[in-house]
Amino acid sequence: MLDLKFVRANPEIVAEGLKKRGAQVSLAEFLALDEKWRRQLAEVEQLKNRRNTVSEEIALMKTAGKDASAQIADMREVSQKIKEMDESLKELEAEIEQALLTLPNLPHASVPVGQDSVDNPVMRIWREPPKFGFDPRPHWEVAEALDILDFERGSKVTGARFTFYKGLGARLERALINFMLDLHTGQHGYTEIIPPFMVNRESMIGTGQLPKFEEDMFKVEKTDYYLIPTAEVPVTNMFRQEVLEAETLPIYLTAYSACFRAEAGAAGRDTRGLIRQHQFNKVELVKFATPETSYDELEKLTADAEKVLQLLELPYRVVVLCTGDLGFSAAKTYDLEVWLPSFNAYKEISSCSNFEDFQARRAGIRYRPAPKAKPQYVHTLNGSGVAIGRTVSAILENFQQEDGSVRIPEVLRSYMGGVEYIRA
RNA sequence: GGAGAAGUAGCGAAGUGGUCGUAACGCGCCGCACUCGAAAUGCGGUUGUCCGCAAGGGCACGUGGGUUCGAAUCCCACCUUCUCCGCCA
């Protein structure tokens with residue numbers, strides 16, 4: 001959420017930022033609404049002041065044994081007026097709140113202006129894509145030949161975009177989760193979290209999934225709960241409506257969770273394989289930082305995610321999302337894209353963002369810069385560290401052998417019970 | 001799921017219709033004094049937020065409603081925690 005005061009004072013800066021994203025927003029209407037609200041607020045507060053003063057007088061008169069019926073009758077009218085005005089004020093507030101909640105974050109100055117993913121500049125490339133002496137197969141074919149993924153039964157038991165992992169396939173998924181958590185906790189200084197996989201509506205608003213993207217979520221019937229689309233939601237909301245002590249920052253948390261996405265609008269895209277599932281596993285990185293350090297922290301967080309791919313020997317590149325491709329809540333985002341031979345392209349496997357105070361303002365996450373100082377909003381960051389299902393895909397495709405077996409990267413073997421190759 | 005109890009500042013806790021919710025009292029924390037220094041002791045300070053150029057106001061006692069001239073206090077609904085029972089991995 002943008003700062004109302006900032007929007008009020010700098011409408012042209014806000015309008016420009018939103019335009020760079022390609023968002024069509026009329027600020028004039030919004031500002032008029034705000035103006036109206038402030039006018040009414042001043043008016044009703046004056047009435048409340050009068051009510052408070054006179055009520056005190058009534059109390060004094062009563063204890064003195066005097067008749068206060070004239071004042072009481074007077075206040076009855078004032079109170080009625082206040083009630084009416086409070087109601088209309090509440091409606092105005094709700095309108096402003098709604099407008100504010102549906103405005104996306106402003107891009108950081110360093111974010112390149114562009115329309116869509118085609119305009120995302122490539123920052124760096126790690127390892128060239130592999131060359132095969134044979135026709136490499138897509139991961140779903142590799143996996144079915146090895147009997148480690150069962151897409152058909154997933155569809156039967158649940159529906160499209162659900163999958164059974166089996167044998168060494170399941171083992172590989174579990175190995176990756178453990179490897180990544182061990183790396184981030186052991187080498188990168190993160191504290192491990194296992195969060196709830198369902199959250200309430202407040203939390204979804206806190207990180208920016210709601211109110212705009214309801215269709216992308218799975219909602220649990222008869223409750224206020226949503227299945228989490230990423231551990232970012234519960235982990236960031238851990239400190240919702242709290243004031244953190246400055247010396248505790250930065251906070252580094254890493255969490256494994258299953259993630260659930262309705263994938264509305266994705267019909268027909270990536271229908272085969274593990275790339276686009278309704279349920280997938282992910283190890284997430286979340287940081288809470290001061291505004292002064294948050295962009296350094298973003299670089300470090302991205303490096304932490306990259307380390308996973310490097311140790312797994314997977315070729316990848318890093319792009320910076322241009323203004324038009326930036327997510328709703330993010331001020332700046334780096335995407336890590338892993339090479340997938342079956343796509344003959346790089347595919348997103350991690351998205352690392354600095355949200356600045358956008359989420360913190362929604363969720364009320366603050367810190368006290370100094371012992372006596374006013375609380376300030378923290379900056380929140382997160383990134384996949386990394387998506388597990390897509391990593392499995394990348395391993396199956398990049399490390400497949402001509403005989404159909406798949407080489408397990410060195411670093412994973414101890415997690416795989418010493419297995420070096422998955423064979424049929 | 002059933003029965004009971006409770007939610008007030010960083011923590012404990014008082015207040016049960018008006019005369020001070022920047023909230024008694026205690027702990028903690030900050031400053032000062034005393035001291036070579038510390039401890040102990042004494043004195044002072046210690047919520048957040050909104051509107052306003054300011055002066056100055058408004059709001060908040062789990063949350064949301066209601067009653068009243070006036071609600072932490074009375075009424076209703078909900079949330080959370082605790083105790084007991086039931087069920088359960």
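Pairing for U22(B) is absent, with no Watson-Crick or G-U wobble pair whose two atom distances lie under 3.5 Å. Within the shown strands, nothing qualifies as a pairing partner of A89(B) under the Watson-Crick or G-U definition with both distances less than 3.5 Å. In this entry U16(B) has no Watson-Crick or G-U wobble partner, no candidate having both defining distances under 3.5 Å. Nucleotide A72(B) is matched to nothing when pairs are restricted to Watson-Crick or G-U wobble geometry with both distances under 3.5 angstrom. When Watson-Crick and G-U wobble pairs are counted only if both distances are under 3.5 Å, A3(B) pairs with U83(B). Figure legend. C78(B) is base-paired to G62(B); pairs are counted as Watson-Crick or G-U wobble with both atom distances under 3.5 Å. Pairing for C43(B) is with G31(B), a Watson-Crick or G-U wobble pair whose two hydrogen-bonding atom distances lie under 3.5 Å. A55(B) makes up no base pair with any nucleotide shown, lacking Watson-Crick or G-U wobble contacts both under 3.5 Å.
Rounded to a whole Å, the CE atom of Met75(A) is 13 Å from the P atom of A71(B). Rounded to an integer number of Å, the gap from CG of Asn200(A) to P of G62(B) is 20 Å. The CD1-C1' distance, from Ile58(A) to U19(B), rounds to 14 Å in whole Å. The nearest whole Å value for the distance from the CZ atom in Arg368(A) to the P atom in U46(B) is 14 Å. In this structure, the CD atom of Glu43(A) is 15 Å from the C1' atom of G57(B), given to the nearest Å. Taking atom CE of residue Met85(A) and atom C1' of nucleotide G58(B), one finds them 13 Å apart after rounding to whole Å. Atom pair Leu92(A):CG and C51(B):C1' shows a separation of 14 Å (rounding to whole Å applied). For the pair Gln40(A) CD and G52(B) C1', the computed distance is 17 Å after rounding to whole Å.
Heavy-atom nearest nucleotides on RNA chain B were determined for Trp37(A) and for Gln71(A), and the one closer to the 5' end corresponds to Trp37(A). Along RNA chain B, the nucleotide closest to Glu87(A) and the one closest to Arg76(A) are compared, and the more 5′ of them pairs with Glu87(A).
Annotation: U83(B) and C29(B) have their P atoms spaced 30 Å apart (nearest Å). Spacing between G10(B) and G4(B) at atom C1', rounded to whole Å, works out to 30 Å. On the P atoms, U81(B) is 22 Å away from C88(B), given to the nearest whole Å. The same atom, C1', is picked in A33(B) and in A39(B); the two are 15 Å apart, to the nearest Å. Nucleotides U67(B) and A14(B), compared at atom C1', are 27 Å apart to the nearest Å. Between A55(B) and A40(B), the two C1' atoms lie 46 Å apart (nearest whole Å). Using P as the reference atom, A71(B) and U22(B) are 15 Å apart when rounded to the nearest Å. Between the P atoms of C59(B) and U19(B), the separation comes to 14 Å (whole Å).
Contacts of Leu41(A) with the nucleic acid, taken as non-hydrogen atoms under 4.0 Å apart, involve only primed sugar atoms and P, OP1 or OP2. Counting non-hydrogen atoms under 4.0 angstrom, Arg366(A) reaches the backbone sugars and phosphates but no base. Arg8(A) comes within contact range of the sugar-phosphate backbone alone, with a heavy-atom separation under 4.0 Å but no base atom that close.
Salt-bridge annotation for Lys287(A) and Glu297(A): present, with a side-chain N of the basic residue lying under 4.0 Å from a carboxylate O of the acidic one. Salt bridge present: Glu284(A) and Lys282(A) bring a charged side-chain N and a carboxylate O closer than 4.0 Å.
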Steps toward side-chain contact (heavy atoms from CB on, under 4.5 Å) verdict (Tyr226(A), Arg201(A)): CA-CA 7 Å; Tyr226(A) 295 81; Arg201(A) 187 177 173 82; 3.0 Å; yes
Audit row: Asn200(A), Ser203(A), side-chain hydrogen bond (donor to acceptor under 3.5 Å, both in side chains) steps and yes/no: CA-CA 6 Å; Asn200(A) 57 32; Ser203(A) 296; 3.2 Å; yes
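With no hydrogens or angles considered, a side-chain donor-acceptor pair links Tyr316(A) and Gln310(A) at under 3.5 Å.
Side-chain nitrogen and oxygen atoms of Lys5(A) include at least one within less than 4.0 Å of the OP1 or OP2 phosphate oxygen of C51(B). Residue Asn52(A) has no polar side-chain atom (N or O) positioned under 4.0 Å from OP1 or OP2 of C69(B). Side-chain nitrogen and oxygen atoms of Arg50(A) include none within less than 4.0 Å of the OP1 or OP2 phosphate oxygen of C69(B). Residue Lys374(A) has a polar side-chain atom (N or O) positioned under 4.0 Å from OP1 or OP2 of U49(B). Residue Arg38(A) has no polar side-chain atom (N or O) positioned under 4.0 Å from OP1 or OP2 of C51(B). Phosphate contact (OP1/OP2 of C69(B), side-chain N/O of Lys83(A), threshold under 4.0 Å): absent. Taking only side-chain nitrogens and oxygens, Ser69(A) never comes nearer than 4.0 Å to OP1 or OP2 of C69(B).
Here the options are Arg240(A), Glu232(A), His379(A), the test is side-chain hydrogen bond (donor to acceptor under 3.5 Å, both in side chains), and the partner is Gln359(A); only Glu232(A) passes.
If you check C59(B), G48(B), C69(B) against the side chain of Lys48(A), the one that comes closest is C59(B).
Residues Tyr252(A) and His184(A) place their aromatic rings such that the two centres sit no closer than 6.0 Å. Taking the centre of each ring, Phe328(A) and Phe213(A) come in below the 6.0 Å mark.
With hydrogens and angles ignored, a donor-acceptor pair closer than 3.5 Å exists between the side chain of Glu45(A) and the base of G57(B).
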